[in-house]
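Counting convention: from 1, in listed order, for ligands and their atoms alike. Index from 1, following the sequence. Values below: all heavy atoms of this structure, side chains included; hydrogens, waters and symmetry mates excluded.
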Amino acid sequence: MPKQTLRNVDVTGKRVLVRVDFNVPLYAGRVADDTRITAALPTIEHLRKRGARIVLVSHLGRPEQGSPEKYRLDPVAAHLAHVLRMPVRKMDELSGPAVEEAVDQLEPGEIMLLENSRFDPREKANDPKLAAEMARFTDIFVNDAFGVSHRAHATTVGITEHVPSVAGMLLERELHTLGSLLAAPRRPFVVVLGGAKVSDKIAVIERFLELADSLLVGGAMCFTFLLARGLSVGSSKVEGPEGIEVARRLLGIAAESRCELVLPTDVVVADEFKAEAASKVVSVEEIPEGWMGLDIGPRTAAHYAEKIAEAGEVFWNGPMGVFEMEPFAHGTGAIAQAMAEADGLTVVGGGDSVAALRTFGLEHRMDHVSTGGGAALEFVEGGVLPGVAALADL
Ligand code: ADP
Ligand code: MG
């Protein structure tokens with residue numbers, strides 16, 4: 001259902017709470033990669049130009065697992081101020097009287113950043129009391145955090161029960177791109193899936209077998225499929241009996257569907273899980289006992305690249321190998337390069353996939369790089385995200 005966006009509301013002079021995704025990597029107390037911060041600028045600029053009083057809220061890392069100090073948002077506020085060339089007031093709280101008072105003092109066009117939302121356990125619990133506290137200093141809520149919209153938290157769903165809630169520019173663009181990708185894909189529609197686990201991605205694989213023309217499989221997940229086909233995979237990372245059962249079932253579904261499910265024909269194997277390990281390229285029928293597959297092989301990469309070149313549209317999630325180690329990054333690199341050169345529409349989603357793309361310096365050559373990995377996959381699976389469903393209908 002179409003949702004209201006920033007364009008549907010008058011924000012002048014209003015206290016606008018914006019849920020952004022500033023979950024950025026920090027290094028030595030500084031923002032190491034500001035992609036997610038710059039992605040929020042269109043919404044922030046829109047609000048500034050119209051004289052809204054802007055209050056930003058985000059989570060950062062997993063402070064609930066200890067050492068919250070290193071997850072304070074001060075470096076993020078400093079970076080944002082630098083990018084915007086204007087002061088950004090940083091609060092040490094998420095809600096309460098101090099925040100209410102500070103928001104009252106905001107002039108139109110001024111910006112404030114609240115403390116890490118996950119410092120408050122009520123955030124993830126979607127506790128209505130937290131949402132009510134936040135509503136005390138909010139006239140309009142804007143969700144611009146696509147990457148967390150698959151989670152029903154206080155700052156994505158709870159708050160929408162109190163104040164008029166609309167989509168921000170970034171969220172709108174994500175929904176538009178992914179929505180049209182699913183509604184009427186340009187064909188052939190090629191999906192490239194890799195990454196760590198099959199079980200994480202079962203639902204999305206099933207959905208893609210209905211939607212796509214080719215599903216090209218790489219990453220650790222291909223070994224569970226190869227095992228399910230009866231090949232031996234040495235010490236490759238595979239999932240337990242259940243994972244193999246799932247892979248077998250998916251192969252069955254694929255056999256009946258018009259979508260081809262393509263597995264690697266060659267892989268790079270290593271005798272240890274480290275960059276310095278001995279490694280070689282072998283056919284998938286000849287994976288030696290005790291060796292593990294850490295990347296797709298060059299023949300497979302070339303075949304996948306051809307499919308990508310012929311595609312009308314390509315969606316990619318999950319690295320083809322352990323791209324964090326240079327000797328096993330070539331398969332992922334070949335896919336990234338093929339996508340960069342492709343004539344078809346290219347879309348990439350997934351935290352590690354996007355990180356890989358960035359290490360190859362190719363992210364600007366994609367048509368759309370989704371800021372959300374899990375959210376993009378859940379959108380593909382079910383089409384509905386709680387944080388989006390909760391926004392006002394158009
Ligand atoms: P994304 O974040 O893009 O959705 P995933 O989180 O599913 O991707 O998977 C990324 C991880 O998968 C990477 O850390 C990568 O090292 C790992 N991986 C890829 N191929 C293999 C493999 N053959 N063996 C072990 N790990 C792998
Ligand atoms: Mg990941």
Side-chain angles (χ1 to χ4, degrees), residues 21 23 25 33 35-36 61-62 146-148 150 178 191-205 208 215-227 231 233-239 243 247 263-275 277 279-282 284 287 290-298 300-301 304 314-336 339 346-360 362-363 366 368-381:
D21 180 1
N23 182 25
D33 180 334
T35 311
R36 285 181 166 163
R62 298 175 189 270
F146 176 71
V148 284
H150 58 314
L178 293 171
V191 174
V192 187
L193 270 189
K197 284 183 167 177
V198 182
S199 55
D200 273 3
K201 298 185 182 177
I202 304 167
V204 82
I205 295 173
F208 277 136
L215 181 56
L216 315 177
V217 181
M221 73 157 74
C222 75
F223 298 99
T224 304
F225 278 107
L226 292 171
L227 197 63
L231 296 176
V233 297
S235 309
S236 303
K237 185 173 151 73
V238 288
E239 289 186 54
L263 296 175
T265 54
D266 63 342
V267 290
V268 179
V269 292
D271 61 353
E272 274 184 278
F273 188 83
K274 59 180 193 193
S279 67
K280 58 187 177 185
V281 175
V282 296
V284 290
I287 299 176
W291 291 59
M292 62 193 83
L294 296 183
D295 196 8
I296 58 172
T300 303
Y304 287 6
V314 192
F315 176 84
W316 177 27
N317 167 263
M320 295 292 100
V322 184
F323 73 97
E324 298 92 337
M325 303 179 192
E326 199 280 331
F328 315 113
H330 302 287
T332 304
I335 298 300
M339 287 189 67
T346 49
V347 181
V348 182
D352 293 291
S353 315
V354 174
L357 207 51
R358 217 167 277 143
T359 64
F360 303 118
L362 293 172
E363 85 256 43
M366 304 295 132
H368 183 72
V369 175
S370 179
T371 49
L377 290 179
E378 283 201 29
F379 185 75
V380 169
E381 263 171 61

Atom of [X], atom of [Y] and distance for their closest heavy-atom approach:
X      : Y      : answer
Tyr304 : Leu263 : OH-C, 3.4 Å
Thr346 : Met339 : CG2-O, 3.5 Å
Asp33  : Arg358 : OD2-NH1, 2.8 Å
Leu357 : Met366 : CD2-CG, 3.6 Å
Pro264 : Ile296 : CG-CG2, 3.9 Å
Ala375 : Phe146 : CB-O, 3.2 Å

Among all protein heavy atoms, pick the one closest to [atom] and tell me residue, atom and distance.
atom                    : result
atom 3 (O) of ligand 1  : Ser353 OG, 2.4 Å
atom 4 (O) of ligand 1  : Asn317 ND2, 3.1 Å
atom 21 (C) of ligand 1 : Ala220 N, 3.4 Å
atom 27 (C) of ligand 1 : Val322 CG2, 3.6 Å
atom 18 (N) of ligand 1 : Gly321 O, 4.0 Å
atom 1 (P) of ligand 1  : Asp352 N, 3.7 Å
atom 13 (C) of ligand 1 : Glu324 OE2, 3.3 Å

Interatomic distance, [X] atom [atom1] to [Y] atom [atom2] [nearest 0.5 angstrom]:
X      : Y      : atom1 : atom2 : value
Leu294 : Glu272 : CG    : CD    : 11.0 Å
Ser279 : Phe328 : OG    : CZ    : 5.0 Å
Asp295 : Met325 : CG    : CE    : 11.5 Å

For ligand 1, which atoms, with element, lie under 4.0 Å from some heavy atom of Lys237?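 Within the 4.0 Å cut-off of Lys237, ligand 1 contributes 25 (C).
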Give the numbers and elements of all ligand 1 atoms closer than 4.0 Å to a heavy atom of Gly318.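 Those qualifying, in numeric order: 3 (O), 8 (O).
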If you measure every N or O of Lys201 against every N or O of ligand 1, does any of those distances drop under 3.5 Å?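 Min N/O separation from ligand 1 is below 3.5 Å for Lys201.
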Please confirm whether Met320 comes within less than 3.5 Å of ligand 1 when only nitrogen or oxygen atoms on both sides are compared.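 No; the residue has no nitrogen or oxygen that sits under 3.5 Å from a nitrogen or oxygen of the ligand.
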Heavy atom to atom 23 (N) of ligand 1, shortest distance: which of Ser236, Gly293, Ala356, Ala196 holds it?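 The nearest heavy atom belongs to Gly293.
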Among Pro264, Gly350, Gly218, Pro319, which residue places a heavy atom closest to atom 8 (O) of ligand 1?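 When every heavy atom of Pro264, Gly350, Gly218, Pro319 is considered, Pro319 comes closest to atom 8 (O) of ligand 1.
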N, O or S atom within Asp352 nearest to the Mg ion (ligand 2), by name: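 In Asp352, the heteroatom (N, O or S) nearest the Mg ion (ligand 2) is OD2.
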Classify the ring geometry between Phe315 and Phe208 as parallel (under 30°), tilted (30 to 60°) or perpendicular (over 60°).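 Tilted: the ring planes of Phe315 and Phe208 meet at 30° to 60°.
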Is it the side chain (CB and beyond), the backbone, both or neither of Phe223 that lies under 4.0 Å from ligand 1, heavy atoms counted?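 For Phe223, only side-chain atoms sit under 4.0 Å from ligand 1.
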